Amino acid sequence: MFEERVYCGDLSIDDAGKEVTISGWVDRNRDLGGIIFLEVRDVTGIMQVVFDSSKSKENAEIADKTRSEYVILVKGKIRKRAEDTINPNIPTGDIEIDADSIVILNRSKVPPFPIDTRDTINEEISLKYRFLDLRRETLKEAIIKRHLMMQAGRKYLVDRRFIEIETPVLNKSTPEGARDFIVPSRINRGQFYALPQSPQLFKQILMVSGYDRYFQIVKCFRDEDLRNDRQPEFTQIDLEMSFCTEDMVMAVIEGLLKEIVSVVPGKNITVPFERITYHESLSKYGTDAPDTRFDLELIECTDIFKRSEFKVFSTAIEKGGIVKGLAVQDKGKISRKMIDDYTDHVRIYGAGGLPMFRYKEGNFEGGISKFLSDDEKREIVKRFKLNEPSVLFFSVDNENIVNFTMANMRKKIAADLGLIDEDKLNFLWVTDFPLFEYDSEAKRFQAKHHPFTSPRTDQIDMLEEVTPENVGELKSQAYDVVLNGVEIGGGSIRISDPLVQNRIFNKLGISDEEANDKFSFLLEALKYGAPPHGGIALGLDRILMILLKRNSIRDVIPFPKTQKGQCLMSGAPSGVADIQLKELSIKIVE
RNA sequence: GGGGUGUUAGCUCAGUUUGGUUAGAGUACCUGCCUGUCACGCAGGGGGUCGCGAGUUCGAGUCUCGUACACCCCGCCA
């Protein structure tokens, strides 16, 4: 009886007169007494089925017994609805099925929340009854668009000779980067696998193996605290290419993202994307993932306040701090209360406060304006090109805090004032990342991207000359792709010369023994004719979240975890039987 | 590890400011009526450990403390 089944959403007025069989869930039951309308839902859509008791009393009685989410099978004839009964709100609203038979395939408990409305439900309930929320339109749209996006991406890459290759999930733990999830080995007592943070080493190995274009849509795992755009397991579109330049990788990704966006949400975007250097991005926006949907550029003005009478500024500068400002033409929208809130808010970024004043027709008002000299005011007008009435915000502290504070305030102010065009999709590349950064607490250099990233070829000679002071000058061949202020991917040209790789490890304070212990297979592989290669990984969940304008990565993942890393549906993680622990030689210490 | 918001009927939420009779609404659910509805309609009905635990008080959904869970953020993480 299932063989002839058709999908509700596939039926149209062209099918009028046909005998069909549909199966699905009772979305709604409208019993008018002598006539009953059932709305039947399947994965594609909804179809109205009519039961007329004067035609078949038996069928009407069965239909009458159905409740929300009962599973039924209906046979009947498609017919065009009378003009005055057409429902313009659903795609199949101009037809209906005149039922000849109905079978109740399964019954359902009363669902804890309605499936057929767009009302938002509490996320805790959504996660617990994920199997029901997945029936609802909002989540279903995300899951199906996710599928379409993956298919579009696969096709695009396959068409360009990329080969899809799987890499191991049970891996060797590497303490670099994020915290690993580890898996105990039963056969090897006291030893552990790690789940991959990314397939980095394996995809480089594949390049050495000669599969010159690899890709994989792959789960990655990081045991770090969660955020609205971070889950412990997430999906990357991962790729690697041999015989390539940065530009070639970027071109592939631009084409890939253009293709994806043409499917979800179905827009045309311009390629190539804008490019900005890491240095310029930090200078203008305070972050390496700038949101360029609105202006509000940060203006450096340390020099203006170097010898200021306003000691808050001059003292901080003396101690090596910097000052950056932001001029907002607020059209009177920024209230006293908002300013108070902002001043309070910046403390979470480590800032002491948010000095400000208003500018209007040559006058400086409020805030710190009374501490400023005429010279300083003149310079400020010039530097910020002040013309329209504006509110100016400043941050003074060490460079990191100033940038972090101003980057976040820039976004917050833009959001509060409605300056962000939500329909924009601003893709851009951030290039020329520093190769290293200096960890002043651990007193050592760290790879900004990862330790296999190639320095710029014309700067390799300065590798040994890098100091904590000039660390920013040595650039790598690393690049990030950013969408609407969110980092959606990053990659680099890799080191293919084992000697250069060793020099990098040396600089990072990774001893030969340590390098051999952790990465010997890669180092060994590089000695057997490694082609020049590079690649990138895109965060699929994040991209989809932005393209579908969802608030959280959880809204585009079928079975996400809570902030404490729990699955409210399955109850993972959970304890295990003593026998399992014993087999693994593991003891829980209270 | 830290800061913030929330938790009241199956669901979505009001009530908490200023403690005071029997805690409300919409929806869902159950029963009955109804032959063109489409969030069908009409009539009736059932449904509450106000997250949990202490405390203050004559009296706590409301105040205090603790705690659990969810979410947002800092740290952490590309």
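Since we're looking at a predicted model, the values are computed, not measured. Just so it is clear: chains get the letters A, B, ... in the order the sequence lines come, proteins before strands, and each one is counted from 1.
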Contact list for residues 341-355 of chain A, test side-chain hydrogen bond (donor to acceptor under 3.5 Å, both in side chains), sequence neighbours left out: Lys337(A)-Asp341(A), Tyr342(A)-Asp416(A), His345(A)-Tyr349(A)
Can you tell me, in whole Å, how much space there is between the C1' of rU27(B) and that of rA14(B)? 14 Å
Excluding sequence neighbours, so at least two apart, what forms ring pair (Phe, Tyr, Trp, His ring centres under 6.0 Å) with Phe445(A)? Tyr438(A)
Distance, C1' atom - from rG48(B) to rG61(B), rounded to whole angstrom: 11 Å
Just to verify, what does Thr235(A) make a side chain to side chain donor-acceptor pair (under 3.5 Å) with, not counting sequence neighbours? Arg146(A)
Indicate whether OP1 or OP2 belonging to rU37(B) is found under 4.0 Å from a side-chain N or O atom of Arg30(A). no
Between the side-chain atoms of Arg347(A) and the base atoms of rG2(B), is any donor-acceptor pair under 3.5 Å? no
Just how far, in rounded Å, is C1' of rU7(B) from CD1 of Ile125(A)? 11 Å
Expressed as a whole number of angstroms, how long is the span from Leu32(A):CG to rG32(B):P? 16 Å
Please state the C1' separation for the pair rC29(B) and rU35(B) - nearest whole angstrom. 25 Å
Is Asp225(A) side chain donor-acceptor paired with the rG75(B) base, going by distance under 3.5 Å alone? yes
Between protein and nucleic acid, restricted to nucleotides 25-30 of chain B and to nitrogen or oxygen atoms under 3.5 Å apart, what atom pairs and distances do you find?
residue	atom	partner	partner atom	Å
rC30(B)	OP1	Arg67(A)	NE	3.0

Rounded to whole Å, how long is the line connecting atom CD1 of Ile401(A) with atom P of rC74(B)? 14 Å
Interface residues of residues 34-47 of chain A with RNA chain B (non-hydrogen, below 4.0 angstrom): Gly34(A), Ile35(A), Phe37(A), Glu39(A)
Review item, side-chain donor-acceptor pairs of residues 480-490 of chain A, under 3.5 Å, at least two apart:
residue	atom	partner	partner atom	Å
Asn484(A)	OD1	Asn426(A)	N	2.8
Asn484(A)	ND2	Lys424(A)	O	3.1

Base partner of rG59(B), which must satisfy Watson-Crick or wobble distances under 3.5 Å: none
Rounding to the closest angstrom, what is the interatomic distance between rC38(B) and rC50(B) at atom P? 39 Å
Taking atom P in both rU18(B) and rG10(B), compute the distance separating them and give it to the nearest angstrom. 31 Å
Show me the pairs that pass side-chain hydrogen bond (donor to acceptor under 3.5 Å, both in side chains) and involve residues 193-202 of chain A, at least two apart or across chains. Asp180(A)-Gln197(A), Gln200(A)-Gln204(A), Gln200(A)-His450(A)
Please give the distance between the C1' atoms of rA28(B) and rG47(B) as a whole number of Å. 11 Å
Determine the interatomic distance between P on rG20(B) and the same-named atom on rA60(B); round to the nearest Å. 11 Å
Looking at every strand, decide which applies to Ile348(A) at a 4.0 Å heavy-atom threshold: base, sugar-phosphate, or nothing. sugar-phosphate
Could you please name the partner base of rU18(B), counting Watson-Crick and G-U wobble pairs only when both distances are under 3.5 Å? none
Heavy atoms only, 4.0 Å cut-off, all strands: where does Ser54(A) land among base, sugar-phosphate and nothing? base
Starting at the 5' end of RNA chain B, which residue's closest nucleotide do you reach first, Gly177(A) or Pro112(A)? Pro112(A)
Describe the nucleic acid contact of Phe404(A) in one word from base, sugar-phosphate, nothing, applying a heavy-atom distance below 4.0 Å. sugar-phosphate
d(CG, Asp31(A); C1', rG36(B)) in whole Å: 13 Å
Please determine, for the side chain of Asn228(A), which listed nucleotide (rC72(B), rG36(B), rC74(B)) has the closest atom? rC72(B)
When Gln48(A) and Glu224(A) are each assigned the nearest nucleotide of RNA chain B, the 5'-most assignment goes to Gln48(A)
Measuring from Ser126(A):OG to Met569(A):CE, what's the distance to the nearest 0.5 Å? 10.5 Å
In the strands shown, is rC77(B) matched to any nucleotide by a Watson-Crick or G-U wobble pair with both distances under 3.5 Å, and which? none
Output the rounded distance in Å from OH (Tyr349(A)) to P (rC72(B)). 15 Å
Around Glu274(A), counting heavy atoms of other residues, nucleotides and ligands shown, do more than 12 lie under 6.0 Å from its CD? no
Touch class at under 4.0 angstrom, heavy-atom based, for Arg136(A) against every strand present: nothing
So, with a heavy-atom separation below 4.0 Å from RNA chain B, the residues of residues 83-97 of chain A are Thr85(A), Ile86(A), Asn87(A), Asn89(A), Glu96(A)
Using 0.5 Å steps for rounding, measure from the CZ atom of Arg136(A) to the CD1 atom of Ile121(A). 4.5 Å
Say whether Tyr214(A) and Asp238(A), considering side chains only, have a donor N or O and an acceptor N or O under 3.5 Å apart. yes
So, using salt bridge (Lys or Arg N to Asp or Glu O under 4.0 Å) as the criterion, who are the partners of Asp340(A) when residues are at least two apart? Arg336(A)
Taking any strand in view, what nucleotide pairs with rG32(B) in a Watson-Crick or G-U wobble way, both distances under 3.5 Å? rC42(B)
Does the side chain of Arg227(A) get closer than 4.0 angstrom to OP1 or OP2 of rC74(B) through an N or O atom? yes
When rounded to the nearest 0.5 Å, the distance separating NZ of Lys109(A) from CG of Leu132(A) is 10.0 Å
Does a side-chain heavy-atom distance below 4.5 Å link Ile536(A) with Met250(A)? no
Scan Asp52(A) against the nucleic acid and name what it touches under 4.0 Å (heavy atoms): base, sugar-phosphate only, or nothing. base
Find every protein N or O atom lying less than 3.5 Å from an N or O atom of nucleotides 67-70 of chain B, and list the pairs.
residue	atom	partner	partner atom	Å
rC69(B)	OP1	Lys564(A)	NZ	2.8
rC69(B)	OP2	Lys564(A)	NZ	3.4
rC69(B)	O2'	Glu124(A)	OE2	2.7
rA70(B)	OP1	Thr562(A)	OG1	2.9
rA70(B)	O4'	Glu124(A)	OE1	3.2

Using the test salt bridge (Lys or Arg N to Asp or Glu O under 4.0 Å), find all partners of Lys448(A) that sit at least two apart in sequence or belong to another chain. Glu437(A)
As its Watson-Crick or G-U partner within any shown strand, both distances under 3.5 Å, rA9(B) has none
Who does rG51(B) pair with, Watson-Crick or G-U, both distances under 3.5 Å? rU67(B)
Locate the shortest heavy-atom distance separating Lys140(A) from Asp42(A); write the atom from each residue and the value. NZ-O, 3.3 Å
In whole angstrom, give me the gap between the P atoms of rG41(B) and rC11(B). 23 Å
Is it the case that more than 12 heavy atoms not belonging to Lys561(A) sit under 6.0 Å from its NZ atom? yes
Measuring from Asn87(A):CG to Ile46(A):CD1, what's the distance to the nearest 0.5 Å? 9.5 Å
Partners passing side chain to side chain donor-acceptor pair (under 3.5 Å) against Ser492(A) (at least two apart in sequence or in another chain): Thr453(A), Arg494(A)
